4 protein chains.
Amino acid sequence: MVVKSPKARAMRADAQRSIDTLLEAAKTIFAKSGVDAPVREIASEAGVGVGTVYRHFPKRSDLIAAVFRREIDGCAAAASLLAVKHEPAAALESWLTRYAAFIGTKRGLAAALHSGDPTFDALPAYFEQTLGPALEVLVASAVTSGQIRPDIEPFDLLDAVRRLPPGESGQRMLALMIDGLRYGAPGHRAKRPKKT
Amino acid sequence: MVVKSPKARAMRADAQRSIDTLLEAAKTIFAKSGVDAPVREIASEAGVGVGTVYRHFPKRSDLIAAVFRREIDGCAAAASLLAVKHEPAAALESWLTRYAAFIGTKRGLAAALHSGDPTFDALPAYFEQTLGPALEVLVASAVTSGQIRPDIEPFDLLDAVRRLPPGESGQRMLALMIDGLRYGAPGHRAKRPKKT
Amino acid sequence: MVVKSPKARAMRADAQRSIDTLLEAAKTIFAKSGVDAPVREIASEAGVGVGTVYRHFPKRSDLIAAVFRREIDGCAAAASLLAVKHEPAAALESWLTRYAAFIGTKRGLAAALHSGDPTFDALPAYFEQTLGPALEVLVASAVTSGQIRPDIEPFDLLDAVRRLPPGESGQRMLALMIDGLRYGAPGHRAKRPKKT
Amino acid sequence: MVVKSPKARAMRADAQRSIDTLLEAAKTIFAKSGVDAPVREIASEAGVGVGTVYRHFPKRSDLIAAVFRREIDGCAAAASLLAVKHEPAAALESWLTRYAAFIGTKRGLAAALHSGDPTFDALPAYFEQTLGPALEVLVASAVTSGQIRPDIEPFDLLDAVRRLPPGESGQRMLALMIDGLRYGAPGHRAKRPKKT
DNA sequence: AATGAATGAGCGTTCATTCAT
DNA sequence: TATGAATGAACGCTCATTCAT
């Protein structure tokens, strides 16, 4: 999904370019200085005037939400790409890693998202409705090809990874979970310890 | 004993009282408005001028660190108090609850602590070195009296509770952990399910 | 007098319509938000882009002056209309009322007019030269028909009404003046107090 | 009356100096650029930082009101000075001239005063209660000494002069009124034209 | 030592004006 | 020619920090 200004109708090319540049810049600045970074800094990073920021994102929360949506979109879009470039299980693994990285980056936004600002109300639902199906396709493909166990609920996976602690410890746990996915797969059944 | 002039005594007491008042005020204001609250607000809550705040805490991070240390101290001190007022296991339970409450309050400070400001460098070590022994005593006592299982590493407990999610869900998980502590205790062994 | 852009010869119909719409919009916005209202607001009221405003009125003072001239024109034009619809004295009365209303509306512009901006230099003269003759015709007609006293200088009337205080008190004073006009009329002479 | 900040108690010398300087600067800037002049300009004229302006006058209307009150005070204070430097009638004349000048200067503030801002609510009463007695003393003195007619209500005089038109025409009318004051005085009765 | 007045950098925001579309 | 996106100067205001009292 391409992020557009509210009135997508008759959007001029330069305006769309401004929005794209702005979102990219905001992402960078948010990562560097937090979501409370001065608007001027974001404008400067984007190479536009502050007025342009305010034109497209009258409130700071509008900008934050747009950045967040954009990254959700990017993450979901990555699923399709990975699906055609890798084996099903490898694609799933790559995507989960990417998703975890996305979550890690966004941890700073969590506070903003829970600020009660109504601008953020729709974000959790958007998160699930966008990333859920993306993951579902990857999981289904890997299951069908017998590369991972079939008793996995994509939503659970999404949620569990989201709750992983940040840093290396989280990465190790993600690796564990991915191994766990493969563990019960039909193709690996022979390797399972026998029950007595 | 060296006799000090009454004046010197009084001044030192005054200054210490100022600092205490300031830390108490800062704690209150940090809780209400976050660690970025205006210095004036803190000074006003403490009933002093802003100059006094800057005299004792030249940088905001000094004040934050001092508040944090003070609460760590308070939390550690509570261990001794609880130890003499309750049975070992009950004391441990009470203290863990208090500790969790402290952690819950501080969650806002986490971002500040990870800001890279060198003022905060020593805090994690201070945290561990102060609360670790405090908990260790409580645990040892409860283990010795056979009220909790003996295979518990105090540091793990400290760390695990710190990572608990905020809110009611965290409280429920803390209750579970406390029950788990009692579960393997010698005094409860009779209740353990039999091995077949 | 109809307001036209400098190159009246090549003036396209839609351009003239733009100007008319703009002046009407500016009048509305000036009345609502003062002469310092944002240009965007005026453009929006007129249903055009801001660029169009600047095309026709490069400086704000140009727009203000044009609005003012337009209202002077409208007021002067009303004289002819009233002259054919009413008895001479009634026409005069109606016009003075309308003129007073115009003045009342414009009171906000007074400050702008005295700002020293050379754009406004010609306005006072235009005011007099447009409204003076308009009133003169009405007065002459009423005098000729014997409905009002003959010793009235139109300019004095114009000036006096302009200085009337705003609000009801001004309306009452205007009524008084109009009565005074009729008082010395030949047709009312019988009612005049005798000189001894 | 000396203008002081709301909490006159414990006002530091530098603060009072700041206020005085600010009011003087504000008067100058208001006269030059109107009451909507940038705060920075006023601060700069006063040689202080903008923060100082906001400390003493949180809202612009506070500053406007204070300037106005200060000038009323100054005008009232001039009465005492003139009373001891001139003959009663001359003092009255000088003061009326000064008062008219003050009114002339303030004409720009009229709009602000009628803006409905509650900060200005008390100003009209203050105006009357301060200038009324000041004029009353001058009038009484001149009447007692037989230099002006006795049938003059000070308030009427205050009000009439306030309504005089600005500029030379107003000055001529003020002169007329002052002559009128002397005209009916006992000491001038002999000069009155005889009725035939 | 304590106070709080003063400073001024810096932020959010608006809006006149320009100019690419 | 008309549009409105982009610009950036300028404003109101806050508040960390300094320093005279």
Side-chain angles (χ1 to χ4, degrees), chain A residues 5 7 10-19 21-22 36-44 46-60, chain B residues 7 10-12 14-15 18 22 36-44 46-60 63, chain C residues 5 10 12 14-15 18 36-44 46-60 63, chain D residues 5 7 10-19 21-22 36-44 46-60:
Chain A
S5 90
K7 302 259 175 180
M11 162 75 48
R12 266 167 50 170
D14 54 352
Q16 185 60 52
R17 203 178 322 121
S18 273
I19 289 176
T21 316
L22 264 175
D36 289 329
V39 173
R40 273 174 181 75
E41 199 172 331
I42 297 165
S44 168
V48 303
V50 286
T52 304
V53 181
Y54 281 97
R55 164 177 289 270
H56 295 297
F57 305 99
K59 291 181 305 175
R60 177 181 294 269
Chain B
K7 189 180 180 185
M11 285 179 67
R12 235 173 53 169
D14 264 7
S18 263
L22 264 174
D36 290 329
V39 172
R40 261 179 191 69
E41 204 172 321
I42 296 164
S44 169
V48 302
V50 286
T52 304
V53 180
Y54 278 94
R55 165 172 299 273
H56 295 299
F57 305 99
K59 293 180 304 175
R60 173 184 295 269
L63 182 54
Chain C
S5 88
R12 274 168 38 177
D14 56 350
S18 265
D36 290 329
V39 172
R40 261 180 191 68
E41 205 171 322
I42 296 164
S44 169
V48 302
V50 285
T52 305
V53 180
Y54 280 93
R55 165 172 301 273
H56 296 299
F57 305 98
K59 290 180 303 173
R60 175 184 294 269
L63 183 53
Chain D
S5 91
K7 302 260 175 178
M11 163 74 50
R12 266 168 50 169
D14 53 352
Q16 185 59 53
R17 202 178 323 123
S18 273
I19 290 176
T21 317
L22 265 175
D36 290 329
V39 172
R40 272 174 180 75
E41 200 172 330
I42 296 165
S44 168
V48 302
V50 286
T52 303
V53 181
Y54 281 99
R55 164 178 289 272
H56 295 298
F57 306 100
K59 293 181 304 172
R60 176 181 294 269

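Remember, it's a predicted structure, so these values are computed and weren't measured experimentally. Side-chain atoms are counted along with the backbone in the values below, which use heavy atoms only and exclude waters and symmetry mates.
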**OP:** Might you point out which heavy atoms bring Ala37(D) and Arg60(D) nearest each other, and give the distance in Å?
**Re:** O-NH1, 2.8 Å
Subject >> Contact nearer the 5' end of DNA chain E, comparing Pro58(C) with Gly47(B) >> reply: Gly47(B)
Nearest whole angstrom, please: distance from the [atom2] of [N] to the [atom1] of [X].
X: Phe57(C); N: dT17(E); atom1: CZ; atom2: P; result: 15 Å
X: Tyr54(A); N: dT14(E); atom1: OH; atom2: C1'; result: 10 Å
X: Arg60(A); N: dT13(E); atom1: CZ; atom2: P; result: 8 Å
X: Ile42(D); N: dC11(F); atom1: CD1; atom2: P; result: 11 Å
X: Arg17(D); N: dA6(E); atom1: CZ; atom2: P; result: 9 Å
X: Asp36(D); N: dC11(F); atom1: CG; atom2: C1'; result: 12 Å
X: Arg55(D); N: dT7(E); atom1: CZ; atom2: C1'; result: 11 Å
X: Gln16(D); N: dG4(E); atom1: CD; atom2: P; result: 17 Å

Please confirm whether the shortest side-chain N or O distance from [X] to OP1 or OP2 of [N] is below 4.0 Å.
X: His56(D); N: dA6(E); answer: yes
X: Thr52(A); N: dA5(F); answer: no
X: Ser18(D); N: dA6(E); answer: yes

Subject >> Check: dG12(F) base within 3.5 Å donor-acceptor of Arg40(D) side chain >> reply: yes
**OP:** Only counting residues at least two apart or in another chain, list the ones meeting side-chain contact (heavy atoms from CB on, under 4.5 Å) with Ala46(B).
**Re:** Thr21(B), Leu22(B), Ala25(B), Val48(B)
Original post:
Who passes side-chain contact (heavy atoms from CB on, under 4.5 Å) against Arg40(D), sequence neighbours left out?
Top reply: Val50(D)
Subject >> Interatomic spacing from CD1 in Ile42(C) to OG1 in Thr52(C) - rounded to 0.5 Å >> reply: 13.0 Å
**OP:** Identify whether any heavy atom of Val50(A) sits under 4.0 Å from a base atom; if not, whether one sits that close to sugar-phosphate; answer base, sugar-phosphate or nothing.
**Re:** base
**OP:** With heavy atoms under 4.0 Å as the rule, sort Val39(D) into base, sugar-phosphate or nothing.
**Re:** sugar-phosphate
Original post:
Under a cut-off of 3.5 Å for both distances of each Watson-Crick or G-U pair, what dot-bracket string does DNA chain E give, using [ ] for crossing pairs and | for inter-strand pairs?
Top reply: .||||||||||||||||||||
Subject >> Earlier contact from the 5' end, DNA chain F, for Gly51(B) and Gly51(D) >> reply: Gly51(D)
